[in-house]
Amino acid sequence: MIYTITLNPSIDYVMFTDGFEAGALNRAHTTYKFAGGKGINVSRVLKSLNTESTVLGFLGGFPGQFIEDKLKASDIQVDCVQVESDTRINVKLKGASETEINAPGPDINEENIQQLMNKLKALTSEDTVVIAGSIPSSMPADIYAQIAELCHEQQIKFVVDAEKALLNSVLPYKPVFIKPNIVELEEMFNTTLTTDDAIYEAAKRLLHKGAQMVFVSMGGDGAMLVTEERCLKATVPKGQVVNTVGSGDSTVAGMVAGLTNGLSLTSAFRQAIACGTATAFTEDLATNEEIQEIINQIQIEEL
Ligand SMILES: Nc1ncnc2c1ncn2[C@@H]1O[C@H](COP(=O)(O)OP(=O)(O)O)[C@@H](O)[C@H]1O
Ligand SMILES: O=P(O)(O)OC[C@H]1O[C@](O)(COP(=O)(O)O)[C@@H](O)[C@@H]1O
């Protein structure tokens, strides 16, 4: 079974305006409320790819209930720890450009953390864990390392999509892959990376620190997948970008589903990119139909 862990889920409140102006009264013409947070998005796209997963993490209050109801309505299994304070609501403003405001998240206490760790202790080498997204400020900064260490000890395959410090903390435990976007990769090395060679070299350094594969997503510029032996570069088709929220998570889902379902590395990577781009071109996360429509337009070259 695939388990996604979202330590800090969110309702994503997406507001489309005709032009967003800071400091002015803006009116939205269309709004959506989505069950969000990185691991949850991964589970939602896995479902579209006909791949089962269970959502783990913390949910609280009416936003937590909304998320649980939405996931269950989509026939996605949920086994979250219930917490006292409210799950956050993140605001995504769509005007001429995209503006996001992500909230810090609820209070999570030691008992809540233990409840989650106990669930993870039941997993085995047959399972895959995806840990993704920020941590509420009330949680210990080494929680990713703690989960990664547990996965390593129990031979559970695991994948990580999070910011710099969290990514760095899991490398010694050998994640199957990590997915920094290009900005996060630059932050990890405190430099700008403007050529394929520079991105490849940075990814290689993360392999040497313990990652089995590094998946660098680059928005409309596609992505690069670096392993010890191979370097694949994906180019995406041009299209109407509608809402890129969840694009990165969609790539993680496409890759995890591909690896789990026995696709070749190239096919898994192509599927991952198709998921990311199909999501960027639609309001919500991509459907299977939208992914299949685009998959043959994804170019993969071996560098
Ligand atoms: N403007 C875009 N045009 C086409 N595809 C996009 C665009 N933005 C994102 N994507 C797709 O989504 C993937 C992940 O996007 P990215 O912005 O790098 O991730 P994250 O959301 O983690 O920052 C990209 O590799 C690409 O496949
Ligand atoms: O946990 P973080 O880093 O605050 O990110 C949470 C946000 O990221 C998302 O999971 C989208 O992530 P991506 O656009 O990187 O795929 C939203 O659903 C959510 O609001």
Side-chain angles (χ1 to χ4, degrees), residues 4-14 32-45 55 57-58 63 67 70-71 87-94 97-106 130-137 139 143-144 160-167 178-187 199 215-225 232-255 269-282 284-286 290-291 294-295 297-300:
T4 62
I5 305 180
T6 315
L7 298 174
N8 206 0
S10 60
I11 291 180
D12 287 345
Y13 188 44
V14 187
Y32 296 98
K33 293 185 279 300
F34 297 124
K38 296 200 189 303
I40 286 173
N41 288 340
V42 172
S43 276
R44 291 180 59 211
V45 177
V55 170
F58 304 107
I67 290 172
K70 285 281 176 195
L71 293 173
T87 291
R88 65 187 170 153
I89 299 172
N90 291 343
V91 179
K92 316 285 173 173
L93 300 169
K94 309 286 155 185
S97 58
E98 298 183 296
T99 306
E100 300 186 47
I101 307 174
N102 289 358
V130 179
I131 327 168
S134 63
I135 56 176
S137 47
M139 291 189 77
I143 186 70
Y144 264 61
V160 183
D161 177 7
E163 52 85 25
K164 172 180 157 176
L166 300 176
L167 275 187
I178 57 173
K179 195 214 71 64
N181 63 28
I182 185 69
V183 176
E184 289 159 345
L185 189 68
E186 289 178 335
E187 281 170 5
I199 297 165
F215 185 137
V216 185
S217 66
M218 300 184 276
D221 294 327
M224 188 185 279
L225 182 69
L232 303 177
K233 170 114 191 267
T235 314
V236 300
K238 296 266 169 282
Q240 173 75 40
V241 175
V242 177
N243 178 15
T244 63
V245 173
S247 291
D249 307 336
S250 301
T251 62
V252 173
M255 194 70 197
F269 187 46
R270 178 178 287 111
Q271 174 169 274
I273 302 306
C275 292
T277 296
T279 287
F281 291 172
T282 191
D284 193 1
L285 303 179
E290 288 162 341
I291 295 163
I294 217 166
I295 197 160
Q297 297 172 49
I298 309 296
Q299 308 283 337
I300 308 285

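The figures here come from the full heavy-atom set of this structure, side chains too, leaving out hydrogens, waters and symmetry mates. Atoms within a ligand are numbered from 1 in the order they appear, just like the ligands themselves. Not measured: the values here are computed from a predicted model.
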Answer yes or no: is there a side-chain heavy-atom contact under 4.5 Å between [X] and [Y]?
X: Tyr13; Y: Asn90; value: no
X: Tyr144; Y: Ile5; value: no
X: Ser217; Y: Asn181; value: yes

What atoms of ligand 2 come closer than 4.0 angstrom to any heavy atom of [X]?
X: Ser10; value: 19 (C), 20 (O)
X: Gly133; value: 1 (O)
X: Val245; value: 11 (C), 14 (O), 17 (C)
X: Asn102; value: 2 (P), 4 (O), 5 (O), 6 (C), 7 (C)
X: Ser134; value: 1 (O), 2 (P), 3 (O), 4 (O)
X: Thr244; value: 14 (O)

Nearest neighbour in protein (non-hydrogen) for [atom]:
atom: atom 19 (O) of ligand 1; value: Ser217 OG, 3.3 Å
atom: atom 5 (N) of ligand 1; value: Thr277 OG1, 3.1 Å
atom: atom 1 (N) of ligand 1; value: Val241 CG2, 3.3 Å
atom: atom 23 (O) of ligand 1; value: Asn181 ND2, 2.8 Å
atom: atom 13 (C) of ligand 1; value: Thr251 CG2, 3.5 Å
atom: atom 12 (O) of ligand 2; value: Lys38 NZ, 2.8 Å
atom: atom 17 (O) of ligand 1; value: Gly219 CA, 3.6 Å
atom: atom 3 (N) of ligand 1; value: Gly220 CA, 3.6 Å
atom: atom 14 (O) of ligand 2; value: Gly246 N, 2.8 Å

- Task: Give a yes or no on whether a salt bridge exists between Lys92 and Glu100, defined as a side-chain N under 4.0 angstrom from a carboxylate O.
- Result: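 A salt bridge links Lys92 with Glu100.
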- Heavy-atom contacts under 4.0 Å between Ala132 and ligand 2: side chain, backbone, both, or neither?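 The answer is neither; Ala132 stays 4.0 Å or more away.
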- Please state which part of Glu100 comes within less than 4.0 Å of ligand 2, counting heavy atoms only: side chain, backbone, both or neither.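 Within the 4.0 Å criterion, Glu100 makes no contact with ligand 2.
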- Which residue from Gly222, Gly248, Gly276 reaches closest to atom 14 (C) of ligand 1 through any of its heavy atoms?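 Going through Gly222, Gly248, Gly276 one by one, Gly248 has the nearest heavy atom to atom 14 (C) of ligand 1.
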- Task: Between Pro180, Ser247, Ala132, flag the one that comes closest to atom 12 (O) of ligand 1 by a heavy atom.
- Result: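 Nearest heavy atom to atom 12 (O) of ligand 1 lies in Ser247.
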- Side chain of Asp249, backbone of Ile40: donor and acceptor closer than 3.5 Å?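 Not confirmed, Asp249 side chain does not pair with Ile40 backbone.
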- Can you check whether Asn102's main-chain N or O pairs, donor with acceptor, with Arg88's side chain at less than 3.5 Å?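 No.
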[X] to ligand 2: N or O pair under 3.5 Å?
X: Gly248; result: yes
X: Asp249; result: yes
X: Gly37; result: yes

- Which ligand 1 atoms, with their elements, are less than 4.0 angstrom from a heavy-atom of Met218?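 What qualifies from ligand 1 is 18 (O).
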- Message: Between ligand 2 and Glu163, can you find any atom pair, the residue atom being a heavy atom, that is separated by under 4.0 Å?
- Response: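 The answer is no, since Glu163 has no heavy atom less than 4.0 Å from ligand 2.
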- Message: Is Arg88 close enough to touch ligand 2? Criterion: a residue heavy atom under 4.0 Å from a ligand atom.
- Response: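 Arg88 counts as a contact of ligand 2 under the 4.0 Å cut-off.
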- Query: Which atom pair, heavy atoms only, marks the closest approach of Lys179 to Gly248?
  - Reply: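 Scanning both residues, the minimum pair turns out to be CE-O, 3.6 Å.
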- Closest non-hydrogen atom pair between Ser250 and Cys275, with its separation: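 Distance-wise, the nearest heavy atoms are O-CB, 3.2 Å.
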- Message: I'd like to know whether ligand 1 has Lys179 as a neighbour, heavy-atom separation below 4.0 Å.
- Response: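 Checking ligand 1 against Lys179, which is what was asked, there is a heavy-atom contact under 4.0 Å.
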- Pair Ser43-Thr4, side-chain donor/acceptor within less than 3.5 Å: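 A donor-acceptor contact under 3.5 Å links the two side chains.
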Please round to the nearest 0.5 Å and tell me the distance separating atom [atom1] of [X] and atom [atom2] of [Y].
X: Asp284; Y: Thr279; atom1: CG; atom2: OG1; result: 8.0 Å
X: Ile273; Y: Gln299; atom1: CD1; atom2: CD; result: 12.5 Å
X: Leu93; Y: Glu98; atom1: CG; atom2: CD; result: 10.5 Å
X: Asn41; Y: Arg44; atom1: CG; atom2: CZ; result: 6.0 Å

- Item | Option from Leu167, Leu185, Asp161, Val252 for which side-chain contact (heavy atoms from CB on, under 4.5 Å) with Ile178 holds |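 Option passing the side-chain contact (heavy atoms from CB on, under 4.5 Å) with Ile178: Leu167.
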- Query: Can you list the steps and then say if Ile199 with Met218 is a side chain to side chain contact (heavy atoms under 4.5 Å, CB included)?
  - Reply: CA-CA 11 Å; Ile199 297 165; Met218 300 184 276; 3.7 Å; yes
